[in-house]
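Have a look at the structure below before the remarks.
Quick caveat: nothing in here was measured; it's all calculated off a predicted structure. In what follows, chains are A, B, ... by sequence order, proteins preceding strands, each numbered from 1.
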Number of protein chains: 2
Amino acid sequence: MVSSMGLARISRVTPAQIRKDLSYFGRFGKQGRGYNVGQLLEELWRILGLNRRWRIALVGVGKVGRAILEYGGFDSQGFQVVQAFDVDHQIVGQKLASVTIRHASELEQRLREDPVDIGIVAVPAVEAQAVVDALVRCGVKAILNYAPLCPRRPAHVELRQIDPVLALQSMTFHLKALEQPAKRR
Amino acid sequence: MVSSMGLARISRVTPAQIRKDLSYFGRFGKQGRGYNVGQLLEELWRILGLNRRWRIALVGVGKVGRAILEYGGFDSQGFQVVQAFDVDHQIVGQKLASVTIRHASELEQRLREDPVDIGIVAVPAVEAQAVVDALVRCGVKAILNYAPLCPRRPAHVELRQIDPVLALQSMTFHLKALEQPAKRR
DNA sequence: GGGTGTGAATGAGTTCACAGCT
DNA sequence: AGCTGTGAACTCATTCACACCC
């Protein structure tokens with residue numbers, strides 16, 4: 001068993017926040033006792049949709065795309081790359097991590113025959129919007145985008161960005177502040 | 001010239017938000033005219049601390065670390081990797097992108113001799129906390145972390161996470177919601 | 001007229017605090 | 001006694017709306 005206070009210490013949020021958030025989805029605790037760890041974990045997995053496997057299509061098998069295909073960490077967490085596309089004829093036809101790379105021109109046809117839940121975009125910035133549009137047309141509901149721009153998409157399509165340069169740029173403001181003499185806590 | 005309305009359309013926020021945010025740092029606009037694009041850009045660069053170069057130390061030169069070293073996108077944005085460390089004797093001594101890889105045991109000494117502003121952590125999860133602690137001891141003020149955990153650090157040290165699996169996991173909740181019949185807008 | 005900068009109004013999200021269950 | 005779940009209070013952020021300037 002664990003109390004909201006216990007969870008709060010671990011996750012560095014307030015106990016009230018823990019209780020409020022959990023109460024949004026149900027009543028998982030017992031007064032006077034706290035939460036059953038195993039039961040809570042299972043409920044959270046279910047709520048977050050992590051108790052099943054998700055099918056992914058990768059577009060762009062350059063440096064980043066190849067790293068994604070060869071990285072074992074997705075599969076073990078229930079995320080399975082089942083299709084991969086690129087425009088480079090040199091690599092089309094190659095098989096990486098049990099996925100055969102197809103030419104991007106086949107993308108829409110193949111995704112209609114064999115739909116996926118999530119698209120990963122690892123193409124140059126100039127191509128990214130067109131790829132996102134194509135994925136959306138094929139019914140993809142979530143996109144993980146490595147291209148350094150924020151593509152337009154319908155409101156119901158979830159988007160997450162992976163952009164290390166932007167992450168660095170978002171820190172320099174605070175670094176600059178530290179250099180000034182009047183440093184506050 | 002561009003108005004807050006124009007900026008709002010491009011960036012998909014409200015005009016009021018644009019004006020409020022900019023007013024926090026100064027008065028960059030002219031009534032009836034809007035903002036001078038060039039001048040505004042320069043002010044924002046300065047405010048964000050992007051008008052100078054930042055020195056970076058990379059820890060962990062595995063797959064991810066190597067990709068970072070070989071990626072040209074950092075340098076062109078003013079982020080220069082000037083030191084790199086790993087524990088693997090096979091790669092210590094190698095020179096990648098004009099940076100010689102040093103053994104991790106030399107990290108603290110070398111960072112004190114030749115300080116950096118930012119640390120990039122690309123080591124396995126179990127090592128990450130120790131690396132972050134070492135970087136903090138050397139006066140690093142910002143950390144970009146690729147390890148899949150949230151390391152503890154002093155409040156004044158900025159931290160950004162790059163975690164594709166977490167990004168995927170944070171989308172599945174919404175995907176699951178879409179599957180249910182009662183779909184709202 | 002057109003558009004900024006800003007106090008006031010509104011809204012979203014967090015914290016408080018306590019009734020009630022174990 | 002101990003701790004959850006939750007309405008009420010509060011805090012912080014966003015939006016409104018308008019005086020003022022170009």
Side-chain angles (χ1 to χ4, degrees), chain A residues 1-48 150 152 155-156 158-161 166-167 169-174 176-177 182-185, chain B residues 1-48 150 152 155-156 158-161 166-167 169-174 176-177 182-185:
Chain A
M1 301 292 293
V2 64
S3 67
S4 59
M5 174 66 87
L7 291 169
R9 264 194 293 266
I10 297 168
S11 55
R12 280 162 277 180
V13 290
T14 65
Q17 188 77 75
I18 299 268
R19 294 202 301 277
K20 198 47 125 199
D21 287 356
L22 291 177
S23 76
Y24 184 76
F25 294 103
R27 306 165 66 142
F28 307 120
K30 298 253 186 291
Q31 283 107 328
R33 314 268 294 112
Y35 303 89
N36 177 307
V37 175
Q39 193 180 310
L40 183 60
L41 269 175
E42 186 170 320
E43 288 286 358
L44 291 177
W45 272 52
R46 188 182 52 74
I47 291 164
L48 294 174
C150 190
R152 219 169 261 278
H156 65 277
E158 289 295 315
L159 177 75
R160 295 291 182 279
Q161 291 283 141
L166 192 61
Q169 289 174 332
S170 74
M171 291 196 288
T172 51
F173 168 71
H174 301 281
K176 194 182 61 65
K183 171 178 160 185
R184 273 187 286 154
R185 251 338 108 73
Chain B
M1 301 293 292
V2 64
S3 67
S4 60
M5 173 66 88
L7 292 170
R9 264 194 293 267
I10 296 168
S11 55
R12 280 162 276 178
V13 290
T14 65
Q17 188 75 76
I18 299 267
R19 294 203 300 279
K20 191 63 115 185
D21 287 358
L22 291 178
S23 77
Y24 184 76
F25 294 103
R27 305 166 68 142
F28 308 120
K30 298 252 185 291
Q31 284 107 328
R33 313 270 292 112
Y35 303 89
N36 177 308
V37 174
Q39 193 180 311
L40 182 59
L41 270 175
E42 187 170 318
E43 288 286 358
L44 291 178
W45 272 52
R46 188 183 51 74
I47 291 165
L48 294 175
C150 190
R152 218 170 261 279
H156 65 277
E158 289 295 315
L159 178 75
R160 296 292 182 279
Q161 292 283 140
L166 191 62
Q169 289 174 333
S170 74
M171 291 196 288
T172 52
F173 169 72
H174 302 280
K176 195 182 61 68
K183 172 179 158 183
R184 273 187 285 151
R185 255 330 113 72

Is atom CE of Met5(A) surrounded by more than 12 heavy atoms (other residues, nucleotides or ligands) closer than 6.0 Å?
no
Please report the interatomic distance CD(Gln31(A)) to CZ(Arg33(A)), rounded to the nearest 0.5 Å.
12.0 Å
Start and end of chain B contact along DNA chain D [non-hydrogen atoms, under 4.0 Å]
dT14(D) to dC22(D)
Residue met sooner reading DNA chain C from 5', once Gly32(B) and Ala16(B) are mapped to nucleotides:
Gly32(B)
Between side-chain atoms of residues 9-17 of chain A and protein atoms elsewhere (two or more places apart, or another chain), which donor-acceptor pairs fall under 3.5 Å?
from: Ser11(A); atom 1: OG; to: Leu7(A); atom 2: O; distance (Å): 2.7
from: Thr14(A); atom 1: OG1; to: Gln17(A); atom 2: N; distance (Å): 3.1
from: Gln17(A); atom 1: NE2; to: Asp21(A); atom 2: OD1; distance (Å): 3.2

Which of residues 22-31 of chain B have a heavy atom under 4.0 Å from DNA chain C?
Ser23(B), Arg27(B), Phe28(B), Gly29(B), Lys30(B), Gln31(B)
Could you state the atom-to-atom distance from CE of Met5(B) to P of dG5(C) in whole Å?
16 Å
Taking N or O atoms only and anything under 3.5 Å, show me the protein contacts with nucleotides 11-14 of chain C, one pair per line.
from: dT14(C); atom 1: O5'; to: Gln17(A); atom 2: OE1; distance (Å): 3.3

Within this structure, what is the OH-CD1 distance for the pair Tyr24(B) and Ile47(B), rounded to the nearest 0.5 Å?
11.0 Å
Report all side-chain donor-acceptor pairs from residues 36-45 of chain A shorter than 3.5 Å, counting only partners two or more places apart or in another chain.
from: Asn36(A); atom 1: OD1; to: Gly38(A); atom 2: N; distance (Å): 3.0
from: Asn36(A); atom 1: OD1; to: Gln39(A); atom 2: N; distance (Å): 3.0
from: Glu43(A); atom 1: OE1; to: Arg46(A); atom 2: NE; distance (Å): 3.3
from: Glu43(A); atom 1: OE1; to: Arg46(A); atom 2: NH2; distance (Å): 2.3

Is it the case that the side chain of Arg19(B) and the backbone of Ser4(B) share a donor-acceptor pair, with hydrogens and angles ignored and the cut-off at 3.5 Å?
no
Side chain to side chain donor-acceptor pair (under 3.5 Å) partners for Ser3(A), two or more places apart
none
Using whole Å, report how far CZ of Arg19(A) lies from C1' of dG20(C).
13 Å
Working to the nearest 0.5 angstrom, can you tell me the gap between Leu48(A) CG and Met171(B) CE?
13.5 Å
Closest non-hydrogen atoms of Phe28(B) and Tyr35(B), given as atom of the first, atom of the second and distance, are C-CD2, 3.7 Å
Heavy-atom closest pair, residues Arg160(B) and Ser170(A)
NE-OG, 2.9 Å
